[in-house]
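Data first, discussion second: the structure below is written as structure tokens.
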Amino acid sequence: MGKSFLFAFLLCSTLTFAQQVNIIPQPVEVVKNFGNFVIDSKTSLVVIDKEDTATATFFNDYLDKYYGFKLNVVQNATSNSIKLLSQKNNEGLKREGYTFKSDKNGVEINGNSPMGTFYGMQTLIQLLPVEKSKSLVIASVAIKDQPRFAYRGAMLDVGRHFFSVAFVKKYIDYLAYHKMNYFHWHLTEDQGWRIEIKKYPRLTEIGSKRNGSIIGSYPGKGSDNTPEGGFYTQEQIKEIVKYASDRFITVIPEIEMPGHSSAAIAAYPELSCFPEEKTSIPEHMISIMSKQELANGKNKIVQETWGVHSDVFVPSEQTFKFLEEVLDEVMALFPSKYIHVGGDECPKDAWKRSAFCQQIIKDKNLKDEHGLQSYFIQRMEKYINKKGRTLIGWDEILEGGLAPNAIVMSWRGEEGGIAAAKENHQVIMTPGSHVYLDHSQTKNEKEVTIGGYLPLEKVYGYEPIPKELNEQQAKYVLGAQGNVWTEYMASPSKVEYMIFPRLSALSEVLWSQKETKNWNDFQRKIETMKKRYTIWNANYFIE
């Protein structure tokens, strides 16, 4: 009898300690208890409120895809169940917060909102075994959790390289798994216009296609002469926005202005300061097809080279009307409160040479071309505000004077964000030094990247609130965002290689409380997370 009891005790202990609690991002409070719970096809998924249906569907789809079975969804069950509650009265928790309890009888996730319940479900997913099985043993734990920052985002650039609807959805799932809540979708660039605008069909008929891309890590190697194209129809965009919404992710569209606009200008040359002037691009960089187009009298082309291009929007009434009508269609597709207008890397050469632009500077009593950019952005902001939305721009929108209600994304270091917060403007921190996931992950990177060096530890060590801000100013920092610029990412596999495991580190920066972060613990947890990448069939960087 004694031996049987000892054997049972040892077996139970082994099962208990085998269930590692490796949750990324780290919750506020985690208490490990004795015992475990087994999820199998007989387990019930209890959904009491209709608003938790999407979360239940998400979990069942996850189980089906990665473990091969689903749970019956019911309204009542007392044991062997996973119960979803969105009571909205968890004292001391933010709206996105939740409590989580698992024991031998089941799991209860109690969100302070349906969003909080969804994040509790992501915690459950991180407790699942990393081996495929029909019987999933999870640890017995009690968790209390909520995010540190309101804005937890990641950007995907589809202007340089187009990605399928299926991969965009997969990218959104990756954000959901990490409790991130904003997907910044960079839809227009010099190298491609990716969103259908029905009033201006040439934007996709012409602007979504280019004749080639540069080869290698620097422009001198020339073009590969391989056509690149693709765009999202308005129906596809609606589908993606709904898909994200079911995962409590807001999609923020970016429509670049006044710079990075070559694709739009190729479609509608009258938007340029000099419609008749040929595209300024080095001769050796133009493909044979592009030369033929130029020889046939087509002065403007969708750019084939990366970097900053001198052709920008002319600040004319015609241009403003065009952009307002484009944004009307964009805002009809995206319910996001935030609309991103770029505003970065706008060369001023064309404006300096343009008699029309110089007259505007004089008539509007502007100081210089920087003032003209500020006028441009502020004019667009008034239109966006009139539609009940808020403008976001890269930190160049500070130059010449910040638009009254704009949110600044600080990418050229933290200086822009610090300046904006001190002017009582909301800020999203996204400095290239710490969150540009297109930078190399090792000093001897085997893959071609845009350059820079951003190891995992540096991402993990990022602190979004600069020390230069006092307590009151720090409240203007909404959060931070990881950026994925795709000049050197032509395939989903390459995107995955560049974001993993750094996206996991960033999620802990944005969700977890500063005092709960621990680099040594994270290094242990990331080894389990890498096994999840494998389950997801995702490519990732291996040291």
When you measure from the side chain of [X] to the backbone of [Y], do you find a donor-acceptor pair of N or O atoms at a distance under 3.5 Å?
| X | Y | value |
| --- | --- | --- |
| Lys531 | Glu131 | no |
| Ser113 | Met115 | yes |
| Glu329 | Lys198 | yes |
| Arg194 | Val158 | yes |
| Asp395 | Trp411 | yes |
| Lys525 | Ile23 | yes |
| Ser102 | Ala139 | yes |
| Lys134 | Gly68 | yes |
| Glu496 | Asn539 | yes |
| Gln146 | Lys94 | yes |

Taking side chain as C-beta onward, heavy atoms only, is [X] less than 4.5 Å from [Y]?
| X | Y | value |
| --- | --- | --- |
| Asp145 | Glu29 | no |
| Val130 | Thr534 | no |
| Leu175 | Leu503 | yes |
| Ile377 | Pro258 | yes |
| Leu128 | Leu63 | yes |
| Trp485 | Glu487 | yes |
| Asp173 | Tyr243 | yes |
| Tyr462 | Met429 | yes |

Mind listing the closest non-hydrogen atom pair of [X] and [Y] along with its distance?
| X | Y | answer |
| --- | --- | --- |
| Leu456 | Pro501 | CD1-O, 3.6 Å |
| Tyr533 | Ser504 | OH-OG, 2.6 Å |
| Leu454 | Ser433 | CD1-O, 3.3 Å |
| Ile249 | Ile172 | CD1-O, 3.5 Å |
| Glu96 | Asn181 | OE2-ND2, 3.5 Å |
| Phe313 | Glu256 | CE1-O, 3.7 Å |

Quick check on the 6.0 Å ring-centre criterion: do [X] and [Y] meet it?
| X | Y | value |
| --- | --- | --- |
| His178 | Trp511 | no |
| Tyr174 | Phe500 | yes |
| Trp394 | His186 | no |
| Trp193 | Tyr200 | no |
| His161 | Trp306 | yes |
| Tyr177 | Tyr62 | yes |
| Phe118 | Tyr98 | no |

Let me see the working for Met257 and Leu327 under side chain to side chain contact (heavy atoms under 4.5 Å, CB included), right down to the final yes or no.
CA-CA 12 Å; Met257 61 184 81; Leu327 288 177; 4.3 Å; yes
Using the salt bridge (charged side-chain N to carboxylate O under 4.0 Å, His left out) definition, which of the options Glu508, Glu463, Glu515 pairs with Arg148?
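With Arg148 as partner, Glu508, Glu463, Glu515 yield a single salt bridge (charged side-chain N to carboxylate O under 4.0 Å, His left out), made by Glu463.
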Start with the C-alpha distance between Tyr338 and Ile428, add both sets of side-chain angles, then the distance that settles side chain to side chain contact (heavy atoms under 4.5 Å, CB included), and finish with yes or no.
CA-CA 12 Å; Tyr338 303 132; Ile428 298 162; 5.7 Å; no
Check whether more than 12 heavy atoms from other residues, nucleotides or ligands sit under 6.0 Å from atom CZ of Arg412, and answer yes or no.
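Yes, enclosed.
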Greater than 12 external heavy atoms within 6.0 Å of Asn72's CG:
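Incorrect, the count does not exceed 12.
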For Ile197 and Val330, run side chain to side chain contact (heavy atoms under 4.5 Å, CB included): C-alpha distance rounded to whole Å, both residues' side-chain angles, the deciding distance at 0.1 Å, then the answer.
CA-CA 8 Å; Ile197 303 296; Val330 169; 4.2 Å; yes
Output, in order, the C-alpha distance, side-chain angles, deciding distance and verdict of salt bridge (Lys or Arg N to Asp or Glu O under 4.0 Å) for Glu189 and Arg210.
CA-CA 11 Å; Glu189 250 306 334; Arg210 68 173 182 269; over 6 Å; no
Passing option when Tyr383 is tested against Asp328, Leu391, Leu323 for side-chain contact (heavy atoms from CB on, under 4.5 Å)
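Among Asp328, Leu391, Leu323, the one that satisfies the side-chain contact (heavy atoms from CB on, under 4.5 Å) with Tyr383 is Asp328.
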Nearest 0.5 angstrom please: [X] [atom1] to [Y] [atom2], how far?
| X | Y | atom1 | atom2 | answer |
| --- | --- | --- | --- | --- |
| Phe522 | Glu457 | CZ | CD | 10.5 Å |
| Met489 | Asp157 | CE | CG | 8.5 Å |
| Ile255 | Ile195 | CD1 | CD1 | 5.0 Å |
| Ile252 | Arg389 | CD1 | CZ | 11.5 Å |
| Ile392 | Glu381 | CD1 | CD | 11.5 Å |
| Glu239 | Gln236 | CD | CD | 7.0 Å |

Can a donor-acceptor pair be found between the side chains of [X] and [Y] at a distance below 3.5 Å?
| X | Y | result |
| --- | --- | --- |
| Thr123 | Lys179 | yes |
| Asp40 | Ser135 | no |
| Asn112 | Tyr119 | no |
| Thr430 | Asn483 | yes |

What's the verdict on salt bridge (Lys or Arg N to Asp or Glu O under 4.0 Å) for Glu527 and Lys530, showing C-alpha distance, side-chain angles and the deciding distance?
CA-CA 5 Å; Glu527 294 308 311; Lys530 287 175 182 177; 3.3 Å; yes
Give the C-alpha distance, both sets of side-chain angles, the deciding distance and a yes or no for salt bridge (Lys or Arg N to Asp or Glu O under 4.0 Å) between Lys242 and Asp246.
CA-CA 6 Å; Lys242 172 65 166 60; Asp246 286 344; 2.9 Å; yes
If you apply the rule side chain to side chain contact (heavy atoms under 4.5 Å, CB included), what do you find for Gln441 with Tyr497, and how did you get there?
CA-CA 10 Å; Gln441 303 186 74; Tyr497 173 86; 3.9 Å; yes
Regarding Lys386 and Glu324, does a basic nitrogen lie under 4.0 Å from an acidic carboxylate oxygen?
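Judged by the 4.0 Å cut-off on N to carboxylate O distance, Lys386 and Glu324 do not form a salt bridge.
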